[in-house]
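First comes the structure, then the notes that go with it.
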Protein chains: 2
Amino acid sequence: MDTDEGPPLPLTDMLCFDLYAASRLLTSVYRQVLDPLDLTYPQYLVLVVLWEHGDLSVREVVEQLDLDYGTVSPLLKRLEARGLVVRRRRPEDERSVVVSLTDEGRAMQDRARGVAPAIGAAFGLDEGDAERLRGLLGRVRTSAEEQAVRLAAGAD
Amino acid sequence: MDTDEGPPLPLTDMLCFDLYAASRLLTSVYRQVLDPLDLTYPQYLVLVVLWEHGDLSVREVVEQLDLDYGTVSPLLKRLEARGLVVRRRRPEDERSVVVSLTDEGRAMQDRARGVAPAIGAAFGLDEGDAERLRGLLGRVRTSAEEQAVRLAAGAD
DNA sequence: CACAATTACCTCGTGCACGATGTAGTTGCG
DNA sequence: CGCAACTACATCGTGCACGAGGTAATTGTG
């Protein structure tokens, strides 16, 4: 057992702050790039998964983005108000709502062609380092997921 | 000729999503750990910098956390309402507001002793990988900062 | 001294982000 | 069938997070 309490500012706190700050900073780069398209980063993410997968239920969007219904629901409402997507109840299961791209939503894919390169430049990493970063983040996500479950179980 | 526009889902999009998802996930772990203390993650961050540096002006808190006045101001207001900090106008410069810990704010440091280890477990990285991740994130932050400036200059 | 520029801070509006709660619609089971 | 359990969504309240816009205090300049 390790009773060491570590330095006054433990690495984990700093590491988490780095992650938090880097995430906010990249969102701000997205903001600048997406501003001409009048899109936010989460809205862009929804469009990305729709461009890739076509029609999706709200549930599937929630799963793809790992977000809450309470976040995605009003987000889709705004995208629908903007005319980029439509929401329809599925006839064979009236609980389910299918999200589909409109023509304007599909056209947005062309207008967003410059987004990824600009973000790539923001990272400033070569392919190897980018892959390394992805690997480390993937391990963190897996591990944090487990820890979240562990804590939830412990605080029953 | 090179008409290659890259894969349909470029790595940068996925990498940024990984960062975004990892950041949210770790915040959710913090949420579970900080919930008994009735603190949010940004509130905890403010306390961390105050524990380390002692009295700070609002400006210094903003700089330490790389946040906006519009974010920090109400955040400090809530911390003051909870009795963890006090805000006083600096007599020699009435524009400046000094944030100080109360006794209760200092006492919170003891109660928060378990936070860092729990977060460390969430990362699930050994010291070497943690350092590597920090290094990569540091480079991303530097590079994204430059790109942000570049874009701001380009969109004048 | 006047007064423009700057600094430090606050407030407001919009959009996430999530937990809690509510509500139709569907399924499972005696 | 009757009805409890479950699923898919929506809504609400709170707290960031940031841009825009405002105010008071200080500094710089002629």
Side-chain angles (χ1 to χ4, degrees), chain A residues 17 20-32 34-35 37-46 56-82 85 87-99 148 151-152 155, chain B residues 17 20-32 34-35 37-46 56-63 65-82 87-99 148 151-152 155:
Chain A
F17 178 74
Y20 165 68
S23 176
R24 279 189 298 112
L25 190 51
L26 278 168
T27 301
S28 85
V29 175
Y30 266 111
R31 202 191 327 277
Q32 292 182 65
L34 292 175
D35 196 55
L37 307 180
D38 200 19
L39 287 176
T40 65
Y41 177 50
Q43 288 169 9
Y44 170 74
L45 285 179
V46 169
L56 291 178
S57 67
V58 176
R59 179 179 180 280
E60 288 165 325
V61 174
V62 163
E63 283 169 352
Q64 286 284 324
L65 302 185
D66 201 16
L67 285 168
D68 198 275
Y69 273 104
T71 300
V72 171
S73 243
L75 206 165
L76 291 173
K77 206 171 175 181
R78 281 184 285 272
L79 284 177
E80 185 170 41
R82 283 211 40 207
V85 306
R87 292 181 298 169
R88 280 185 292 260
R89 294 246 161 226
R90 198 192 299 268
E92 65 274 24
D93 185 344
E94 287 277 341
R95 293 172 303 178
S96 189
V97 171
V98 180
V99 184
L151 289 173
Chain B
F17 178 74
Y20 165 68
S23 177
R24 279 188 299 111
L25 189 51
L26 278 167
T27 301
S28 86
V29 176
Y30 265 111
R31 204 192 324 277
Q32 292 184 63
L34 291 175
D35 196 55
L37 307 180
D38 201 21
L39 287 175
T40 66
Y41 178 50
Q43 288 168 8
Y44 170 75
L45 285 179
V46 169
L56 290 177
S57 66
V58 176
R59 179 178 179 280
E60 288 165 326
V61 174
V62 163
E63 283 170 352
L65 302 184
D66 202 15
L67 285 169
D68 198 274
Y69 272 105
T71 300
V72 171
S73 248
L75 206 165
L76 291 173
K77 206 172 174 178
R78 280 185 286 270
L79 284 177
E80 185 170 40
R82 284 212 38 208
R87 291 182 298 169
R88 280 185 293 260
R89 295 249 160 222
R90 198 191 299 267
E92 65 274 23
D93 186 342
E94 286 278 338
R95 291 172 304 179
S96 190
V97 170
V98 179
V99 183
L151 289 173

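Note on naming: letters A, B, ... go to the chains in the order of the sequence lines (proteins, then strands), and numbering restarts at 1 for each one. Worth saying up front: this structure is predicted, and the values here are computed from it rather than measured.
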Could you work out, with side-chain hydrogen bond (donor to acceptor under 3.5 Å, both in side chains) as the rule, every residue matching [X], not counting sequence neighbours?
X      : answer
S57(B) : E60(B)
R82(A) : none
Y44(A) : D13(B)
R88(B) : S100(B)

NA contact type, T71(A), heavy-atom cut-off 4.0 Å: base, sugar-phosphate, or nothing? base
Under 4.0 Å between any heavy atoms, over every strand shown, what does S73(B) touch: base, sugar-phosphate, or nothing? Just pick one. base
Side-chain touch L45(A)/Q64(A), heavy atoms, less than 4.5 angstrom: no
Evaluate the side-chain proximity of L39(A) to Y30(A): yes if any heavy-atom separation is below 4.5 Å, no if none is. no
Which nucleotide span of DNA chain C, 5' end to 3' end, has atoms closer than 4.0 Å to non-hydrogen atoms of chain B? dT7(C) to dC18(C)
With respect to the phosphate group of dC9(D), does any side-chain polar atom (N or O) of Y69(A) fall under 4.0 Å of OP1 or OP2? yes
Partners passing side-chain contact (heavy atoms from CB on, under 4.5 Å) against V62(A) (at least two apart in sequence or in another chain): V58(A), Y69(A), V72(A)
Can you list the residues that meet the side-chain contact (heavy atoms from CB on, under 4.5 Å) rule with E80(B), with sequence neighbours excluded? V85(B), V86(B), R87(B)
In whole angstrom, what separates E80(A)'s CD from dC9(D)'s C1'? 14 Å
Could you pull out all residues at least two apart from R95(B) that satisfy salt bridge (charged side-chain N to carboxylate O under 4.0 Å, His left out)? D93(B)
Pairs meeting criterion salt bridge (charged side-chain N to carboxylate O under 4.0 Å, His left out) with involvement of residues 63-79 of chain A, two or more places apart: R59(A)-E63(A)
Any residue in residues 87-95 of chain B with a heavy atom nearer than 4.0 angstrom to DNA chain C? Just list them by number, or reply none. R87(B), R95(B)
List in numerical order all residues of residues 57-68 of chain A for which some heavy atom is under 4.0 Å away from an atom belonging to DNA chain C. L67(A), D68(A)
